[in-house]
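Please read the structure below before turning to the comments.
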Amino acid sequence: MTARPAPLHARHRAVMPDWLALYYREPLELTHGEGRHVWDAQGRRYLDFFGGILTTMTAHALPEVTKAVAEQAGRILHTSTLYLDRHMVELAERIAALSGIPDARVFFTTSGTEANDAALLLATTFRRSNQILAMRNGYHGRSFSAIGVTGNSSWSPTSLSPLQTLYVHGAVRTRGPYAHLSDREFTEACVADLEDVLGQAHGNVAALIAEPVQGVGGFTAPPDGLYAAFRDVLARHGILWISDEVQTGWGRTGDHFWGWQAHAEAGPPDLLTFAKGIGNGMSVGGVVARADVMNCLDANSISTFGGSPVTMAAGLANLTYLLEHDLQGNARRVGGLLIERLRAIAAGLPVVREVRGRGLMIGIELAAPDGSPAPQAAALALEAARDKGLLIGKGGREGHALRIAPPLTLTVAEAEEGADILEETLRHVQDAFGGKDRS
């Protein structure tokens with residue numbers, strides 16, 4: 001008699017690293033998706049408010065993207081950057097024009113981690129320095145160099161690094177020593193902190209790397225204009241600005257196409273990194289930089305898988321769809337309705353400390369009765385939302401913030417459905433952790 005195979009979770013644990021995180025007490029196997037919905041191996045349908053960590057940017061199984069992938073796969077799957085690729089050149093032209101960076105050059109990678117790693121290589125080579133400024137609570141990937149500039153201890157497994165990283169205040173508006181200040185005073189205090197940190201640096205500092213909205217950090221953001229104020233200081237020292245747009249790019253915040261544009265008085269960054277949503281599930285990342293910065297390397301380099309014909313075809317089709325259907329505008333309109341609904345729900349729930357964000361990038365921070373972060377409440381919310389048919393994410397240094405980031409084609413009806421489930425979820429969490437709500 002043939003033995004029944006072990007459950008997939010048990011098989012996963014037997015061959016995968018212990019540190020490879022899985023959501024839920026009973027992890028979920030997703031088998032297919034369509035639009036803003038996904039199905040598990042048991043056939044249950046879920047409304048997807050996380051999009052594979054903000055990667056399914058437009059929609060699951062978007063016909064325009066799947067058609068482009070299938071057609072290109074039927075011609076040739078792989079060539080490498082040693083050969084000309086029409087899709088790669090066309091996508092680079094469009095991204096360079098959209099980036100706002102003058103005389104821009106684009107290098108494609110397979111992930112956001114690799115994109116940030118490439119940006120750090122370029123900046124440190126250009127400036128002849130291994131000193132990097134980074135934001136507290138920030139996250140930039142899992143490579144050795146990216147971990148070295150990650151200011152979120154939950155995602156930084158080693159203190160060893162090829163870089164000397166100097167961390168500055170500014171990305172977390174409502175916690176920390178400056179939380180009580182007005183936006184103007186907060187920005188001034190953070191600029192003073194930056195000046196003080198630079199006074200302790202050893203000679204040149206290569207760059208500041210910063211997420212306009214911190215993703216893993218729980219969708220926290222500084223006041224608009226803070227990075228413009230930082231840029232004034234950086235420019236005096238010749239320090240480059242790397243804007244990590246892996247999660248904020250392509251119109252997700254609604255108000256802007258790129259996160260850096262909330263700080264537009266400074267003009268565009270010197271380098272911009274992207275990934276996740278541009279491939280709508282395909283492995284696409286990259287870095288955009290001024291030509292003099294991008295061309296500063298004096299050794300040979302290629303990318304075996306970055307810019308592959310299939311992923312470039314997907315990226316082109318996805319970007320075309322996003323622009324032609326004004327998904328940035330949809331993120332602004334539908335996201336605005338969703339965030340206001342969530343703020344109204346939270347008003348009567350002490351367990352919700354803050355609802356923040358813009359567009360379809362919304363964070364819900366949960367707190368214990370004494371105001372401290374409540375990771376257990378966030379874990380319960382994740383489970384409860386799943387039980388009710390909604391998939392959401394989690395973040396924050398203590399894992400105490402819920403992350404809401406649906407595909408940008410989200411409809412008003414789907415936003416209302418998700419908000420209804422989140423209301424039930426948060427009331428359940430309130431009953432479990434803080435007593436009855438005030439409504």
R397 CZ: over 12 foreign heavy atoms closer than 6.0 Å:
no
Using a 6.0 Å cut-off, check whether atom CD of E26 has over 12 heavy atoms from anything other than its own residue.
no
F186 six-ring centre to R173 NZ/CZ under 6.0 Å and within 45° of normal
yes
Quiz item: cation-pi between R356 and F219, 6.0 Å / 45°:
no
For a 4.5 angstrom cut-off between non-hydrogen side-chain atoms, does [X] reach [Y]?
X: E414; Y: L47; value: yes
X: Y24; Y: L382; value: yes
X: K276; Y: M57; value: no

Show the numbers, then the answer: is there a side-chain hydrogen bond (donor to acceptor under 3.5 Å, both in side chains) between D370 and S372?
CA-CA 6 Å; D370 64 358; S372 63; 2.7 Å; yes
Mind checking the [atom1]-[atom2] spacing from [X] to [Y]? Nearest 0.5 Å is all I need.
X: F108; Y: M88; atom1: CZ; atom2: CE; answer: 7.5 Å
X: E424; Y: L390; atom1: CD; atom2: CG; answer: 10.5 Å
X: E324; Y: E64; atom1: CD; atom2: CD; answer: 8.5 Å
X: L194; Y: L234; atom1: CG; atom2: CG; answer: 6.0 Å
X: I392; Y: I404; atom1: CD1; atom2: CD1; answer: 4.5 Å
X: I302; Y: T304; atom1: CD1; atom2: OG1; answer: 4.5 Å

Give a yes or no on whether a salt bridge exists between [X] and [Y], defined as a side-chain N under 4.0 angstrom from a carboxylate O.
X: R36; Y: D48; result: no
X: R142; Y: D117; result: no
X: E265; Y: R231; result: no
X: E90; Y: R94; result: no
X: R236; Y: E195; result: yes
X: D420; Y: R341; result: yes
X: R127; Y: D270; result: no

Please name the pair of heavy atoms, one in [X] and one in [Y], separated by the smallest distance, quoted to 0.1 Å.
X: L226; Y: C190; result: CD1-CB, 3.9 Å
X: A171; Y: M135; result: N-CE, 3.7 Å
X: S143; Y: T113; result: N-CG2, 3.3 Å
X: A419; Y: L338; result: CB-CD1, 4.0 Å
X: Q131; Y: H202; result: NE2-O, 2.6 Å

With distance as the sole test, does [X] use its side chain to make a donor-acceptor pair with the main-chain N or O of [Y] at under 3.5 Å?
X: W260; Y: Y227; answer: no
X: R332; Y: G254; answer: yes
X: T409; Y: T58; answer: yes
X: N280; Y: H60; answer: no
X: Q261; Y: F257; answer: yes

What about the rings of Y178 and H169, do their centers lie closer together than 6.0 Å?
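Y178 vs H169: aromatic centres under 6.0 Å.
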Ring center gap for F274 and W250 short of 6.0 angstrom
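Ring-ring flag for F274/W250: true, centres closer than 6.0 Å.
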Mind telling me whether H325 and Y321 have parallel, tilted or perpendicular rings, with 30° and 60° as the class edges?
parallel
Determine, step by step, whether L54 and M361 satisfy the side-chain contact (heavy atoms from CB on, under 4.5 Å) criterion, reporting the C-alpha distance in whole Å, the side-chain angles of both residues, the deciding distance to 0.1 Å, and the verdict.
CA-CA 9 Å; L54 292 81; M361 195 173 189; 4.2 Å; yes
